[in-house]
Amino acid sequence: MAERERRLTRPGGRVFVARAQVMDADEVARALRRIAHEIIERNHGLDDVVVVGLQTGGVPLAERLVRVLTDIEGVTVPLGSLDVAFYRDDIGLRPVLPEEVTNIPLDLMGKTVVLVDDVLFTGRTVRAALDAMADHGRARAVQLAVMVDRGHRELPIRPDYVGKNLPTRRDELVDVTADGVEIGELADERTAR
Amino acid sequence: MNDRHLLSIADLGREGIEDVMRTADSFREVAGRSIPRVPALRGKTVATLFFEASTRTRLSFETAAKRLSADVMSFAASSSSLEKGESLRDTVETIDAMGVDAMVVRHRSSGVPAQVTAWTSACVINAGDGQHEHPTQALLDCYTIREALAQRRGTEDSQNGADFAGLRIGIVGDVKHSRVARSNVLAFSALGAEVVLVAPRTLMPPSLDGWPVKATADLDSVIPDLDVVYLLRIQAERAGQVLLPNLDEYHERYGLTRERSNRLAAGALVMHPGPMIRGVEIAPEVADLPSSLVTRQVRNGVFIRSAVLFHLLGAADSGEAIDA
């Protein structure tokens with residue numbers, strides 16, 4: 001979502017400028033490992049568990065999570081990706097276009113779906129994702145894993161697995177990459193550097 | 001797409017064409033589901049205004065709109081007040097007054113969709129105007145070529161843009177009267193392809209100044225070099241007139257006969273915008289060869305039109321961004 005925020009809230013030519021690193025790469029890796037253990041514990045193993053990353057920021061995290069899960073339990077966990085553009089509630093309010101083609105490789109009927117996103121903010125992306133998922137079959141349960149919960153929810157949505165709770169101002173941005181997690185804000189391109 | 005309307009391929013440019021194709025990829029995925037529908041344009045109304053007969057284009061737009069959960073209003077000139085003498089402008093303003101978000105317009109006169117934009121606040125999509133343009137046809141043709149090229153390269157997913165550099169596309173037939181040819185020349189060349197127009201002199205535009213094309217009257221001389229043979233429909237009403245003395249002779253010289261299809265380069269693609277008249281533009285058995293993309297063009301038309309509707313109707317009303 002951070003990447004989505006950066007790309008879509010930028011019509012004024014504004015860019016993301018990091019102010020501080022809040023997690024380094026090792027900390028992200030450890031958080032991912034803990035989340036993997038929590039998922040296995042909560043679901044008594046990985047039977048019928050499917051991991052689905054949200055485009056775009058959730059997808060690389062979901063891929064990593066699946067590798068860790070496979071590493072721990074020695075079983076293959078199905079992996080999908082979901083683009084929620086057609087299900088958003090802000091179509092017409094700001095530019096919304098699909099980033100990538102959705103890829104859900106199996107019917108979700110009866111599965112336990114772990115949705116993965118990088119940053120949980122207003123909850124609107126997750127709301128859209130729940131609707132989008134419903135079109136791929138009736139999951140038995142849906143759980144939500146995020147690397148950063150930054151607060152400011154606008155909908156009754158809460159995560160099941162959290163890498164880090166990070167208090168933020170509304171106008172700040174959180175960026176999750178392979179190198180870690182950074183917090184910063186949008187600045188005019190000219191003053192940015 | 002920056003504008004609120006799609007009147008010409010020139011409105012899009014290369015980047016716009018590639019954007020529409022990328023969104024169409026997502027609609028291809030939607031079409032593969034058991035319920036091929038998304039809620040993206042719920043509450044929006046799309047009106048199809050066809051002042052000229054067409055079933056497939058109208059059905060394609062209406063299916064595309066329904067896949068986005070938009071409401072569809074269908075207007076056909078033959079069953080309307082036009083027959084009672086109502087003017088075009090009054091008809092458009094009447095439909096506008098009912099509250100529509102997009103008008104899909106086909107008319108036998110060039111420029112009507114552009115004129116309609118002055119009479120409505122809705123987005124206007126040109127679904128074919130006279131001898132001017134048919135932009136969604138060109139978009140679906142580009143998309144179909146891109147898909148075929150991706151499959152040939154073994155990459156099922158054609159996520160990326162489309163580069164037609166080095167591709168030789170021959171557009172064969174009544175180029176002079178063809179809006180499909182006009183849109184396709186713009187689209188194919190925007191993506192980097194080399195376009196050759198093939199037509200008898202009577203059916204070639206009198207001037208090709210400013211067109212990024214080559215032209216010939218001899219199909220046989222170019223056929224082995226073509227990567228794509230794009231056949232235009234011959235309008236039967238023109239046959240027997242001065243421009244096109246008879247259809248058999250046309251088939252003989254410009255039809256894709258069995259013999260000509262054997263001389264095509266390996267892997268060359270055969271396309272036709274439909275409706276296809278077997279025995280005139282194409283030999284009956286050639287139309288069913290695996291190299292023929294005709295049914296894929298029809299299928300892809302729905303994805304492309306969904307993408308165009310989503311780009312126009314889903315675009316932000318204001319430039320103001322809101323919180324994510």
Side-chain angles (χ1 to χ4, degrees), chain A residues 1-14 55 57 80-105 107-109 117 119-125 128 131-132 134-137 150 152 154 169-174 186, chain B residues 1-2 4 15-16 18-44 64-70 101-102 123 147 150 155-160 303 306-324:
Chain A
M1 180 148 135
E3 213 171 337
R4 179 181 298 271
E5 285 173 286
R6 265 191 302 163
R7 286 186 54 173
L8 296 184
T9 49
R10 190 209 281 195
R14 286 145 66 86
Q55 293 290 2
S81 66
L82 200 58
D83 189 294
V84 304
F86 299 143
Y87 297 83
R88 294 195 69 92
D89 59 6
D90 50 5
I91 291 171
L93 297 178
R94 59 174 199 171
V96 173
L97 285 179
E99 306 262 356
E100 294 282 339
V101 177
T102 288
N103 177 22
I104 302 291
D107 189 350
L108 298 179
M109 180 72 141
D117 206 355
V119 181
L120 179 59
F121 184 19
T122 61
R124 288 181 188 269
T125 303
D131 275 0
D135 283 354
H136 293 272
R150 57 168 294 191
H152 303 287
E154 293 170 2
R169 293 195 319 267
R170 276 199 79 93
D171 59 343
E172 288 174 310
L173 284 184
V174 177
L186 282 179
Chain B
M1 239 183 288
N2 303 317
R4 295 190 50 247
E15 206 175 314
E18 291 184 339
D19 281 348
V20 170
M21 291 200 289
R22 264 191 287 271
T23 303
D25 284 337
S26 288
F27 285 107
R28 181 168 57 187
E29 183 271 322
V30 170
R33 301 182 193 167
S34 53
I35 304 168
R37 177 179 285 230
V38 294
L41 295 184
R42 227 166 18 167
K44 303 277 189 187
K66 286 173 182 169
R67 294 229 168 129
L68 287 157
S69 303
D101 300 285
C123 303
E147 182 186 59
T155 49
E156 169 62 42
D157 202 332
S158 41
Q159 260 303 298
N160 302 313
F303 311 155
S306 286
V308 167
L309 287 167
F310 185 71
H311 276 247
L312 292 177
L313 293 177
D317 289 331
S318 69
E320 289 294 303
I322 61 162
D323 281 323

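So you know, we letter chains A, B, ... as the sequences are listed, proteins then strands, and number each from 1. Hydrogens, waters and symmetry mates play no part in the numbers below; they use all other heavy atoms, side chains included.
Note on residues 81-105 of chain A: pairs passing ring pair (Phe, Tyr, Trp, His ring centres under 6.0 Å), not counting sequence neighbours, are A:F86-B:F27, A:F86-B:F310.
Residues that satisfy the salt bridge (Lys or Arg N to Asp or Glu O under 4.0 Å) test with B:R33, not counting sequence neighbours, are A:D135, B:E29.
When each of A:G137, A:P98, A:A132 is scored by its heavy-atom pairs under 4.5 Å with chain B, the top score falls to A:P98.
Within the 4.5 angstrom heavy-atom criterion, no atom of B:R42 approaches chain A. For A:H136, the part sitting under 4.5 Å from any heavy atom of chain B is the side chain, from C-beta outward, and nothing else.
For the atom pair B:L313 CG and A:I91 CD1, the distance stands at 10.5 Å (nearest 0.5 Å).
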